[in-house]
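Ligands are counted one by one from 1 in listed order, and the atoms in each one are counted from 1 as well. Here the structure is a predicted model, which is why all the values come from computation and not from measurement. When a residue number appears, it is its place in the shown sequence, counting from 1.
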Amino acid sequence: MKASYDVTIIGAGLAGLQCARLLSRQGVNVLLVDRKNTLDQKIHTTGIFVRRTLVDFDIPDDCLGPAIKHVTLYSPALRPLELVSQHDEFRIGRMGQLYQRYLQQCLHSGVDWLPQTSYLSHSVANGKITLRLNSGSSTRSITTRYLIGADGARSRVARDLKLEVNREWIVGIESVFQGAVLDGPPRLLCFLDPKLAPGYIAWIAHDGEETHLGVGGYPSLFDPMVALQDFRSRVANIIDLRKAKQIEARAGLIPVGGVLRNIANSNGLLTGDAAGAVSPLTAGGLDPCMRLSAFAASVVTEYLSTSDVEVLQAYSGELFRSRFASRLWARRIAATLRHSQLIELGCALLRLPLFSRLGHHVFFGRGSFPDVTDRSQLTIVSKAFPH
Ligand SMILES: Cc1cc2nc3c(=O)[nH]c(=O)nc-3n(C[C@H](O)[C@H](O)[C@H](O)COP(=O)(O)OP(=O)(O)OC[C@H]3O[C@@H](n4cnc5c(N)ncnc54)[C@H](O)[C@@H]3O)c2cc1C
């Protein structure tokens, strides 16, 4: 452990790990801090990666389950709509393994790793940031030139840096099984039902090896634990869990207000859920983690070498946010859809040839988080995520 670092990253989820890997490869002196003891604990994502992420990033094959091409969308009355892609669209990440692998890569390229340590606060004097970190009973101070908040949906770093904070969430909760029996190929099953999942969906993600069964929605509108139990009973005729073994329970908040506007200043920046970088429509956050963190690493590297604050202006949520206008509208509509009959009607329309392309577009279409490797031209390259 050194007493001083170029960059300290709080949070070793996908966003923090991606940032740490890329910064350290540029020769930046990085400290990575997480309150978790090991990264395969308390995972709070289903871990579904979309095709575009798999194509654009180096996610190790052995940290991913079998490919999925089939999606079934169920109406509240459980009428199915089958959607099949020509491509391998999704793969469920083995997230504990992936986090550990990325951490190994970080350590290999010189990142200092501080597990079981919570960020408490920071102060700024003479261009240096002093962090207060707590490990168990002891509190220590570390100085850093720049601070990155990759500390999730309720970011303490965002608050302390006086950047914007998330204000709108849905909550997601799921059980992970091995040995579930579901006829047919690996598939995602998405259930629209305003009682089980108000403002979002219930899902079964089954890749033949692992099965994730979950519900999500606005926390003020349902009891997630009760909804998950009800959902499990409701789908007893669709998936056979009688001999399945539950291997994990996962849960977490998902910010759905869109990427925040003010996510960087001369002391630090935000990435991943801390920056609100989640698709407001589909609530997919893994692709944004990879893309925004790659961009953050490039901006921070340049800022450290030039000390030019104008470099940070490129890292503005405003630029990304304009790309999300239609998805923010779709989120507003989803938030108000409380009537099963209306959703049933919408699902019936999706079965008509005229509207079926919309279903394909939402599940298999392109265009989620802007690709920001070329800063002069923010282009949309990733795809919509189904849940
Ligand atoms: C139930 C659920 C299912 C989901 N499924 C999908 C999916 O299938 N596909 C998809 O694309 N997206 C999905 N999402 C969204 C996606 O998982 C998130 O957007 C993504 O994981 C966010 O990663 P992150 O690194 O920004 O934050 P996190 O993974 O939340 O990491 C933040 C880290 O910061 C640490 N931390 C926080 N505060 C402190 C502190 N004070 N001191 C030290 N450490 C701290 C935490 O311990 C944590 O390790 C899902 C979300 C939920 C809740």
Side-chain angles (χ1 to χ4, degrees), residues 8-20 31-50 52-54 65 68 90-93 95 98-99 102-103 114-122 131-135 148-160 166 169-176 188 190 200-203 205 212-217 219 224 228 248-256 259 270-279 282-293 296 368-369 382-387:
T8 299
I9 301 173
I10 308 297
L14 195 66
L17 287 163
Q18 166 75 338
C19 229
L31 174 66
L32 180 62
V33 178
D34 202 293
R35 62 187 172 199
K36 288 184 187 173
N37 184 12
T38 63
L39 294 183
D40 47 10
Q41 296 173 340
K42 295 183 191 156
I43 293 169
H44 59 245
T45 180
T46 308
I48 301 173
F49 285 94
V50 295
R52 195 75 207 178
T53 325
L54 299 167
I68 298 174
F90 313 110
R91 292 180 76 178
I92 305 176
M95 297 306 288
L98 178 61
Y99 293 147
Y102 276 179
L103 179 62
L114 210 47
Q116 232 176 338
T117 303
S118 293
Y119 160 85
L120 296 178
S121 63
H122 74 265
L131 303 175
R132 277 184 64 238
L133 303 173
N134 179 270
S135 323
I148 294 183
D151 53 338
R154 282 189 188 272
S155 168
R156 193 169 186 151
V157 175
R159 187 197 62 189
D160 289 356
N166 291 304
W169 292 278
I170 55 176
V171 64
I173 171 170
E174 67 169 23
S175 305
V176 188
L188 297 186
C190 301
Y200 192 49
I201 56 163
W203 65 88
H212 298 242
L213 186 129
V215 295
L228 186 61
E248 259 183 86
R250 299 181 181 179
L253 290 175
I254 311 176
V256 287
V259 70
L270 309 175
T271 185
D273 277 11
V278 173
S279 164
T282 64
L286 298 178
D287 185 77
C289 273
M290 297 300 285
R291 266 172 233 282
L292 188 62
S293 296
S368 175
F369 206 78
S382 69
K383 65 200 302 273
F385 175 74
H387 104 250

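Shown in contact with Gly11 at under 4.0 Å from a heavy atom are these atoms of ligand 1, numbered in order with element: 33 (C), 34 (O), 35 (C). Close contacts of ligand 1 with Gly252, meaning ligand atoms under 4.0 Å from a residue heavy atom, involve 53 (C). Those atoms of ligand 1 with a heavy atom of Ile254 less than 4.0 angstrom away are 51 (C), 52 (C), 53 (C). With ligand atoms numbered from 1 in the order given, ligand 1 contributes 1 (C) to contacts under 4.0 Å with heavy atoms of Gly172. Close contacts of ligand 1 with Gly272, meaning ligand atoms under 4.0 Å from a residue heavy atom, involve 26 (O).
Contact between Arg250 and Ile43 at its shortest, heavy atoms only, is CG-O, 3.2 Å. Nearest heavy atoms, Ile170 versus Ala283: CD1-CB, 4.0 Å.
Put simply, the side chain of Arg132 never gets that close to the backbone of His122: no donor and acceptor are under 3.5 Å apart.
Contacts of Asn166 classified as side-chain hydrogen bond (donor to acceptor under 3.5 Å, both in side chains), with partners at least two apart in sequence or in another chain: none. In this view, Ala15 and Ala150, Thr271, Cys289, Ser293 satisfy the side-chain contact (heavy atoms from CB on, under 4.5 Å) rule, not counting sequence neighbours.
Heavy atoms of Glu174 come nearer than 4.0 angstrom to ligand 1 in no pair at all. Residue-ligand proximity: His44 is placed with a non-hydrogen atom under 4.0 Å from ligand 1. Under a 4.0 angstrom heavy-atom cut-off, Val171 registers as lying outside contact with ligand 1.
The closest non-hydrogen atom to atom 5 (N) of ligand 1, taken over Leu253, Thr46, Leu17, comes from Thr46. When the heavy atoms of Phe49, Trp203, Trp169, Tyr119 are ranked by distance to atom 42 (N) of ligand 1, first place goes to Tyr119. Heavy-atom proximity to atom 11 (O) of ligand 1, evaluated over Ile92, Leu114, Leu286, is greatest for Leu286. The closest non-hydrogen atom to atom 23 (O) of ligand 1, taken over Ser118, Gly13, Cys289, comes from Cys289.
Among the atoms of Ile10, none of the N or O lies under 3.5 angstrom from an N or O of ligand 1. Looking at Arg35 next to ligand 1, an N or O pair under 3.5 Å apart turns up. The shortest N or O to N or O distance between Arg250 and ligand 1 is not under 3.5 Å. Not a single N or O atom of Ala251, backbone or side chain, sits closer than 3.5 Å to an N or O atom of ligand 1.
Rounding to the nearest 0.5 Å gives a distance of 11.5 Å between CG of Asp34 and CD1 of Ile9. Here CD of Glu248 is found 11.0 Å from CE of Met95. Values are rounded to the nearest 0.5 Å. Put simply, NE2 on His212 and CD1 on Ile92 are 4.5 Å apart, with the number rounded to the nearest 0.5 Å. Atoms CG and CG, on Leu133 and Leu120 in that order, are 7.0 Å from each other to the nearest 0.5 Å.
With a 4.0 Å heavy-atom cut-off, ligand 1 is reached by the backbone of Thr117 but not by any atom from C-beta on. Under 4.0 Å from ligand 1, heavy atoms of Ile48 appear from its side chain as well as its backbone. Only backbone heavy atoms of Ala150 (N, CA, C or O) come within less than 4.0 Å of ligand 1; its side chain stays farther off.
Within a 6.0 Å sphere centred on NZ of Lys42, other residues, nucleotides and ligands contribute 12 heavy atoms or fewer.
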**Prompt:** After noting the C-alpha distance and the side-chain angles of Thr8 and Tyr119, does the key distance pass the side-chain contact (heavy atoms from CB on, under 4.5 Å) rule?
**Reply:** CA-CA 10 Å; Thr8 299; Tyr119 160 85; over 6 Å; no
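Counting heavy atoms from C-beta on, the side chains of Leu286 and Ile48 never come closer than 4.5 Å.
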